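A short write-up of the structure that comes next.
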4 protein chains.
Amino acid sequence: MEWLIDMVLSSDLLTGILDEVRPLLGQGKVANYIPALAHVPADRLGIAVYTVAGELFSAGDATEPFSIQSISKVLSLTLALTLYQEEEIWRRVGKEPSGQPFNSLVQLEFEQGIPRNPFINAGALVVSDLLETRLTAPRQRTLELARRLAGNPSIMADQVVARSEYQYSARNAAIAYLMKSYGNIENDVDKLLQSYFNACAIRMSCVDLARAFIYLANRGVPLGDPSPLLPARTTKQVNALLATCGLYDEAGDFAYRVGMPGKSGVGGGIVALIPGELCVCVWSPELNPAGNSLAGTAALELLADRLGRSIF
Amino acid sequence: MEWLIDMVLSSDLLTGILDEVRPLLGQGKVANYIPALAHVPADRLGIAVYTVAGELFSAGDATEPFSIQSISKVLSLTLALTLYQEEEIWRRVGKEPSGQPFNSLVQLEFEQGIPRNPFINAGALVVSDLLETRLTAPRQRTLELARRLAGNPSIMADQVVARSEYQYSARNAAIAYLMKSYGNIENDVDKLLQSYFNACAIRMSCVDLARAFIYLANRGVPLGDPSPLLPARTTKQVNALLATCGLYDEAGDFAYRVGMPGKSGVGGGIVALIPGELCVCVWSPELNPAGNSLAGTAALELLADRLGRSIF
Amino acid sequence: MEWLIDMVLSSDLLTGILDEVRPLLGQGKVANYIPALAHVPADRLGIAVYTVAGELFSAGDATEPFSIQSISKVLSLTLALTLYQEEEIWRRVGKEPSGQPFNSLVQLEFEQGIPRNPFINAGALVVSDLLETRLTAPRQRTLELARRLAGNPSIMADQVVARSEYQYSARNAAIAYLMKSYGNIENDVDKLLQSYFNACAIRMSCVDLARAFIYLANRGVPLGDPSPLLPARTTKQVNALLATCGLYDEAGDFAYRVGMPGKSGVGGGIVALIPGELCVCVWSPELNPAGNSLAGTAALELLADRLGRSIF
Amino acid sequence: MEWLIDMVLSSDLLTGILDEVRPLLGQGKVANYIPALAHVPADRLGIAVYTVAGELFSAGDATEPFSIQSISKVLSLTLALTLYQEEEIWRRVGKEPSGQPFNSLVQLEFEQGIPRNPFINAGALVVSDLLETRLTAPRQRTLELARRLAGNPSIMADQVVARSEYQYSARNAAIAYLMKSYGNIENDVDKLLQSYFNACAIRMSCVDLARAFIYLANRGVPLGDPSPLLPARTTKQVNALLATCGLYDEAGDFAYRVGMPGKSGVGGGIVALIPGELCVCVWSPELNPAGNSLAGTAALELLADRLGRSIF
């Protein structure tokens, strides 16, 4: 009944979508909470799609690396899911949307130091704490995972960005210490913040990211690697979390407009996917007021529309 | 690659699932905030599945009508979507998960009388207000829609339950008046509450509900009625809202465990669906602490597992 | 060591104070949440002081009646204290500052329908509910108390204002219904709101109010009436409540600047007192952002300074 | 009209009061959030009163030093008031009661890092930050002030308590970092916490404290030192802050029952005063649920009653 997605997808289709959303450039705001991010050229625009069959389509600045920022939270959670029993994770971090800005402390205090989900800062810090406890070199392992999944050994964390984040880390420190006061952080806060910012500072391109996260669309199996990274059931669960919590306080609107599980970062990247079909990454540094890429979200909405595909 | 769902589905499969979750009976709590609901026999357990092809499978107390309660919010929203431009609705009610109990006033005050989504009480009251403004007999029209979609003209609203709700309606009155104070309620609060409670008091069976909501799995087209109730695009959007906001403050956990858009009611019913495939309704009156049917959620989790199907 | 206050006080002193604060006129905002209040001439300015010895000093528009609004909350509480055991009141309303705007529902929900103190709207509605339960004609009795204490039988409630308040009463209705949902309102909400607004709509002048509340400075004994209205101990307690909760979310600043227990109303009146010495009422309709009379507060600060008197 | 307080006050009166409240011992809870405090003997009970004329009355364990904890916040604020212009302080910390637990982060986030008053932890950390900026050895200076005011050079900070506090300081660190994220902390958080805990760990007896804080009852003039520590006007303002904010979230109840400006600490001490008359310190380590000395508050209530004195 439904046409094969590979027959519709083409780099021309993607180029057309970028052309359509390009007029939005100038209407958002590049993240400027740290100087190192504020310098990113605002006019970049790229998109890349990998199908589960391994075909790649791309357009625009699809091979230019950018700061993945919160998209790293998916990598970290995935890594934690390979190291811990499911329940060990979910008793320390919830699975519900927050209904609050990504860095609010209010809910965290009401809920006694248990963050709502692993994709808000508080939750990601708990995941970092889990990694810190079980791994001797968590930063290196997260980076290696990114490289392996993207098939790109040149991926690096930008130390200027990582240090800049660390210098402006007072709010994340507040979040971590508040959780520590409730007994939900085991390791040294300072060390934790450095690991966390290092993961955020990893630089990857749209092509890198679309390839790296194809396992989420492929029952846990990465591209070019027959052994699953995550079991199929766990993969579905991660997708469920992305669908309800992956876009800060705009998950509902993103589901409504785009209809794919996804994760955004303040670097302007958004990764999204259709299970069984494809993984897409779009990049445009200017953000909307909710902190998600303005043109990026519009591009994904068009893509879902043109493909006639969403999870709904 | 994937087997056809009709070949796996059978009433035996459903019976087996009910048997597996039956031991949960006794571990939840029947809603007792109004006397009329507290009398529902706690041991009822039913399930019904309609496929988009129109096949019906059921087990247990699948034909016994129960109070649909908040499931009516989907009917009301659908009705409103047939009467208003999309934007007219979404400027008065949001599309984001609330991260709060279904009847909290806190967020409503912070967000100046704009409820987070149409499936919490505040949002449903705004939808009722929209219906009140455009329809001369909103109660009758909602009931007619339920009858028509379920193909069951005997469906009625339970006036004892409606009156009982109204007698214990102080919190919903508080919510409505708070929104009125922000200019987000146009009609008389009292009249509104009566319409709202009347919709909640509609009694339908699992079979009724699975059939009634098949349009959500079928691009907006109801069973046995070629003309769409909603456009395909709008239908997807409703599903997106259900996936992120349909289960009170447990949408994330439901997505994680079941992986289908759904809507629950404190009468113990849950409707869920897989786009393009099926609509299922399960009923068991005992609720978990989040207000969702305890055994019902477990049954849906098993169903998703046995079918190997979810939206993720 | 300290001079006698009567030797310093004079109508000239008061006239001088008014002249000093008059330049503030034009810098505040007349309450305009109901049309009937928005029409008050913004340039009115009056002050009256009664000493416990019964001497009266006044200046400016001291005999012009204005809407006492929240100042009526002190009358209502006093009336309730003559009808109930202390504990019967304080188990339904607290004695703590709210740290929130006067009409917020947030704290009320967190604290399960028990308002923080009797001088925020929620608390005053509970006090009205107490009066409603014990009195057959609470409105008339409150008015009579005002007349008796002020020695002025012509005091009336402004029915235009009362009706106007009632028409715009959605938020107070929300507050009352929320408390009712927690079981902390016994009577019909509608009837309650009418009584409450009627008390707020009482019109008194500075001279009326300074005389009416002299009992708070005089161990509970009204002027020209040897029998105490309240016991001395209860009177001190009311003063303590006024000092910590009498000026909305500006009680601390008022204590800091003026140093007297006091109560303000959005009609622009403020009553304040020094136990054992005097009761003062000032009136200027323009309010500061916290809802307290801008010039009025400044005049009281000057008065405290000139007299060299405060409770601290 | 009123009897002279010196004729009523006597050590016998104080002994009688302690006897009356002694049955309360065993009904509260010694602070145990740090091990070093949990070891304080629960049965200690002492009281000391200094009059502005320099007379001392005492009873019970009045000369046994204890951890002054939050009472140090008054010393720190006083020191800051000698170093800064008034406005320099009040633009970084408010003057309003908080209506929240003493260590909540919720209000701090809503109010963008400006703490409600200098007597909650957040406010005291801002005051410490002010001292850190202007003084080279703030810890030593605070200790010297305590010694000088109490006329007792042997006063020390308990380093075991200070270190213990620091080890369990996650929540205070969270508070400090949150304020730093809003730009309201200038110095290194770690250094700040150490200074703050050092001041809290100062050990003084009831006699020490009653003498040290007599300047608050004496227009800013310490005992045996003709030169004022604070101007009379500033002293009144500090008293106003104590009256509205000095007892955590129980300032209203304390005003209602005791009617004196005061400051409590989790070590079980409470200092209170009547301007122009006396300063009293009571000590009993067991706390009520609001964190204030249970027997201590009762003793102060009796004292106010027996003396027939309060500020109201």
Side-chain angles (χ1 to χ4, degrees), chain B residues 31-35 92 98-116 120-123 125-126 128-129 132 164-194 196-197 249 266 291, chain C residues 31-35 92 98-116 120-123 125-126 128-129 132 164-194 196-197 249 266 291:
Chain B
N32 60 359
Y33 68 101
I34 57 164
R92 289 186 53 193
S98 73
Q100 302 270 335
F102 66 101
N103 58 4
S104 170
L105 281 90
V106 171
Q107 211 162 30
L108 200 52
E109 183 167 7
F110 283 129
E111 299 182 348
Q112 310 257 319
I114 304 298
R116 280 246 137 190
I120 53 173
N121 288 18
L125 286 164
V126 168
S128 293
D129 191 53
E132 203 76 29
S164 188
E165 300 262 18
Y166 182 69
Q167 273 159 12
Y168 292 85
S169 66
R171 177 170 278 264
N172 283 305
I175 291 171
Y177 277 111
L178 182 57
M179 293 192 293
K180 197 175 183 70
S181 77
Y182 286 110
N184 201 17
I185 290 291
E186 291 168 354
N187 296 281
D188 179 68
V189 166
D190 218 61
K191 215 167 130 190
L192 205 64
L193 290 172
Q194 294 195 27
Y196 171 71
F197 292 133
D249 195 19
V266 292
Chain C
N32 60 358
Y33 66 101
I34 57 165
R92 290 186 52 193
S98 72
Q100 301 269 334
F102 66 101
N103 59 3
S104 170
L105 282 91
V106 171
Q107 211 162 30
L108 201 52
E109 182 167 6
F110 283 129
E111 299 181 348
Q112 311 257 316
I114 304 297
R116 281 245 136 188
I120 51 173
N121 289 17
L125 285 165
V126 168
S128 293
D129 191 53
E132 202 77 29
S164 187
E165 300 262 18
Y166 182 70
Q167 272 159 11
Y168 293 85
S169 65
R171 177 170 278 265
N172 284 305
I175 291 171
Y177 277 111
L178 182 57
M179 293 192 292
K180 197 175 182 71
S181 78
Y182 287 110
N184 200 19
I185 290 292
E186 290 169 355
N187 297 281
D188 179 68
V189 166
D190 218 61
K191 217 168 129 189
L192 205 63
L193 290 173
Q194 295 195 27
Y196 172 71
F197 291 133
D249 195 20
V266 292

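These numbers were taken from a predicted model, which means no experiment stands behind them. Within every chain, numbering begins at 1; the chains are lettered A, B, ... in the order of the sequence lines, protein sequences first and strands thereafter.
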Under 4.5 Å heavy-atom distance to chain C, tell me which part of B/Tyr168 shows up: side chain, backbone, both or neither. neither
Quick check for you: to the nearest 0.5 Å, what is the distance between B/Leu193 atom CG and C/Tyr177 atom OH? 8.0 Å
Heavy-atom pairs under 4.5 Å with chain C: which of B/Ile185, B/Val189, B/Val106, B/Leu108 has the most? B/Val106
For C/Ala170 versus B/Ser181, what's the shortest heavy-atom pair and its separation? CB-N, 3.5 Å
So how far is it from B/Glu109 CD to C/Gln107 CD, rounded to the nearest 0.5 Å? 10.5 Å
